[in-house]
Engineer: 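Following this message is one structure expressed as structure tokens.
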Amino acid sequence: MSNPRVRLADTADGPGRTPASLVASLSARFVALYVSSGSDTIASLTAGFAALGREVSKTAEGMRLRQALASSRAGANGHLLWTKLRLAEWTSGIFPSPVLDQLRNDMALLLAEDLNQVLDVLPLPSSPVGLDAFGESPRVEFLDVLLGLWAFSRELTQAVETLAASSRSAVRVVTTAPPNTNTSGSILR
Amino acid sequence: VRVTNEPSSRTGGLFSELLRLQTEFQARLADETLRYLRRLQGAAAPMSPGTVVLPDSTAELTATSAPGSTAELRVEVENLQRVHCMVTPMLSPLVSISGATWFPAVEADPATALLAPEEVGTLTFRLPLPENLPCDIYKGVLCLQGFRESGIPVTVTVAMSGRLAKTQEEKRRRPRKASTPKTRKRA
């Protein structure tokens with residue numbers, strides 16, 4: 001009996017994932033840093049981690065982790081800091097950076113075969129998000145951000161290990177030169 | 001109009017009420033303007049190309065297992081994109097028809113798959129079933145984290161194995177021995 005199959009495809013409402021569109025998106029992110037404040041950039045990233053955390057919280061593993069954190073002192077203190085410093089007001093309502101998409105796109109660029117040809121035709125125009133992308137953004141909570149950071153860092157670790165796995169050598173001991181046993185002289189023995 | 005600082009003054013009270021309303025209005029206006037400007041700024045943010053999941057119309061992961069054993073689910077993932085794609089699958093809590101919720105400790109192999117263009121990878125999930133899990137049909141969703149409109153339906157049927165079910169049935173049918181009341185000797 002064959003296993004069920006799912007296919008991964010480009011989104012219908014945006015540019016497809018090609019090396020050119022990924023380079024355009026990456027370079028546009030750097031350009032955007034010139035026209036946005038540090039505060040907005042960090043708030044946008046934080047909102048992006050929170051969006052990821054909300055998604056992960058729907059899974060069995062994420063829900064278990066969230067419940068454990070919520071009932072711990074770390075969860076209570078984090079929530080207290082988050083509320084008193086009014087961090088939810090700072091990070092809510094801003095465009096959440098699609099942090100996981102960006103990570104995956106950057107990883108795909110590292111593996112692209114025709115990256116040289118694409119970089120030769122820079123600068124490439126990037127599409128803006130547009131106002132249609134804005135839905136009703138939920139309030140950014142402390143636990144959402146914490147879970148988002150967990151999911152993001154786990155994926156980053158696994159991605160780097162997967163990238164290195166293909167070319168990682170199985171040899172664990174490297175001998176550079178045979179030990180010289182015929183040393184002579186009064187000092188070096 | 002006389003304006004005094006005394007709280008009991010009627011004129012001052014009216015004036016302060018007017019001032020409070022004006023301040024609230026200005027604060028709300030500033031808040032809404034800031035929110036609008038942030039949205040406008042976000043609209044100019046660069047778009048990140050993403051991925052969607054296209055499941056087969058019949059794609060459903062099913063498994064049948066007994067409590068105390070391990071259920072196994074498999075799904076094939078095909079990358080139709082022109083660059084590498086990373087897949088991190090996660091399972092939602094499974095809910096039975098009778099209302100029991102099971103939070104499975106899933107072992108995904110691989111935990112994160114990196115698929116080259118046109119590559120087909122197989123993801124395997126092992127779900128250890130707790131001993132005390134009630135026999136029922138559990139339904140949930142396999143989420144491919146980070147992909148828009150993701151989710152593949154999952155059904156795990158938890159049923160006792162034939163031998164165990166037979167033993168339990170025999171135990172249920174066996175007549176109970178009449179218990180003899182304990183007698184206590186009087187001192």
Engineer: Between A:N105 and chain B, with a heavy-atom cut-off of 4.5 Å, which part of the residue counts as in contact: side chain, backbone, both or neither?
Structural biologist: side chain
Engineer: Would you say that B:N132 contacts B:P67 through its side chain, given a criterion of any heavy-atom pair below 4.5 Å between the two side chains?
Structural biologist: no
Engineer: Nearest 0.5 Å, what's the CD-OG1 distance between B:Q81 and A:T11?
Structural biologist: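 Answer rounded to 0.5 Å: 8.0 Å.
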Engineer: Pick one of side chain, backbone, both or neither for A:L100, based on which atoms fall under 4.5 Å of a heavy atom in chain B.
Structural biologist: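 For A:L100, the contact with chain B is made by the side chain alone.
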Engineer: Closer than 4.0 angstrom, basic N to acidic O: yes or no for B:R126 and B:E107?
Structural biologist: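 Not counted as a salt bridge, because no side-chain N and carboxylate O are separated by less than 4.0 Å.
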Engineer: Do other residues, nucleotides or ligands put more than 12 heavy atoms under 6.0 Å from A:N116 CG?
Structural biologist: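 Incorrect, the count does not exceed 12.
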Engineer: Quick one: what part of A:S36 sits under 4.5 Å from any heavy atom of chain B, side chain, backbone, both or neither?
Structural biologist: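 It is both, since atoms from each part get that close.
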Engineer: Between atom CZ of A:F142 and atom CG of A:L69, what is the distance when rounded to the nearest 0.5 Å?
Structural biologist: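 Interatomic distance, A:F142 CZ to A:L69 CG, rounded to 0.5 Å: 7.5 Å.
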Engineer: Between A:E141 and A:R54 (salt bridge meaning N to carboxylate O under 4.0 Å), is one present in this structure?
Structural biologist: no
Engineer: Indicate yes or no: does A:D144 engage A:R66 in a salt bridge with an N to O separation below 4.0 Å.
Structural biologist: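 Salt bridge present between A:D144 and A:R66.
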Engineer: So, taking the atom named OG in A:S57 and the one named CG in A:L147, what distance separates them when rounded to the nearest 0.5 Å?
Structural biologist: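 Between atom OG of A:S57 and atom CG of A:L147 there are 4.5 Å.
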Engineer: Checking A:V35 against chain B: side chain, backbone, both or neither under 4.5 Å from a heavy atom?
Structural biologist: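 The backbone, not the side chain.
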Engineer: What are the residues of residues 109-124 of chain B, in order of number, with any heavy atom under 4.5 angstrom from a heavy atom of chain A?
Structural biologist: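 Result: B:A111, B:T112, B:L114, B:L115, B:V120, B:T122.
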Engineer: Identify the residues of residues 40-50 of chain A whose heavy atoms come closer than 4.5 Å to a heavy atom of chain B, ordered by number, or report 'none'.
Structural biologist: A:D40, A:A43
Engineer: Counting only heavy atoms closer than 4.5 Å, note whether A:E89 contacts chain B via side chain, backbone, both or neither.
Structural biologist: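 Backbone of A:E89 only, per the 4.5 Å heavy-atom cut-off to chain B.
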Engineer: Assess the residue pair B:Y138 and B:T155 against the criterion (side-chain contact (heavy atoms from CB on, under 4.5 Å)); give the C-alpha distance rounded to whole Å, side-chain angles, the decisive distance to 0.1 Å, and a yes or no.
Structural biologist: CA-CA 6 Å; B:Y138 290 82; B:T155 304; over 6 Å; no
Engineer: Only pairs of heavy atoms separated by less than 4.5 Å count here; which of B:V83, B:N79, B:V106, B:T88 has the most with chain A?
Structural biologist: B:V83
Engineer: May I ask you to name which of B:V77, B:L73, B:L34 has the most heavy-atom pairs under 4.5 Å with chain A?
Structural biologist: B:V77
Engineer: Which residues from residues 89-98 of chain B are near chain A, with near meaning under 4.5 Å between non-hydrogen atoms?
Structural biologist: B:M90, B:L91, B:S92, B:P93
Engineer: Any chance you could measure A:R86, atom CZ, to A:L81, atom CG, to the nearest 0.5 Å?
Structural biologist: 15.0 Å
Engineer: Can you tell me how far apart OG (A:S97) and CG (A:L52) are? Round to the nearest 0.5 Å.
Structural biologist: 12.0 Å
Engineer: How far apart are the C-alpha atoms of A:V99 and A:L103, what are their side-chain angles, what is the distance that settles it, and do they pass the side-chain contact (heavy atoms from CB on, under 4.5 Å) test?
Structural biologist: CA-CA 6 Å; A:V99 285; A:L103 172 69; over 6 Å; no
Engineer: Could you check which of A:R64, A:Q102, A:R29 has the highest count of heavy-atom pairs closer than 4.5 Å to chain B?
Structural biologist: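 Answer, by heavy-atom pair count under 4.5 Å with chain B: A:R64.
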Engineer: Go through the structure and list residues passing ring pair (Phe, Tyr, Trp, His ring centres under 6.0 Å) with A:W82, not counting sequence neighbours.
Structural biologist: none
Engineer: Charged N to carboxylate O below 4.0 Å: is that the case for B:R28 and B:E32?
Structural biologist: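 Salt bridge present between B:R28 and B:E32.
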Engineer: Given side chains that start at C-beta, do those of A:L22 and B:P49 come closer than 4.5 Å, heavy atoms only?
Structural biologist: yes
Engineer: Given heavy-atom pairs under 4.5 angstrom as the criterion, report whether the side chain, backbone, both or neither of A:L111 touches chain B.
Structural biologist: both
Engineer: Which answer fits A:A112, side chain, backbone, both or neither, if we ask what part of it has an atom under 4.5 Å from a heavy atom of chain B?
Structural biologist: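 Answer is neither: A:A112 stays 4.5 Å or more from chain B.
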Engineer: Below 4.5 Å, heavy atoms only, C-beta onward: do B:V154 and B:V156 meet side chain to side chain?
Structural biologist: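 A side-chain contact under 4.5 Å exists here.
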Engineer: Mind checking the CD-CG spacing from B:E24 to B:L29? Nearest 0.5 Å is all I need.
Structural biologist: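 One finds 13.5 Å between CD of B:E24 and CG of B:L29.
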Engineer: Where do B:V141 and B:I152 land on the side-chain contact (heavy atoms from CB on, under 4.5 Å) test, with the steps shown first?
Structural biologist: CA-CA 5 Å; B:V141 176; B:I152 304 149; 5.8 Å; no
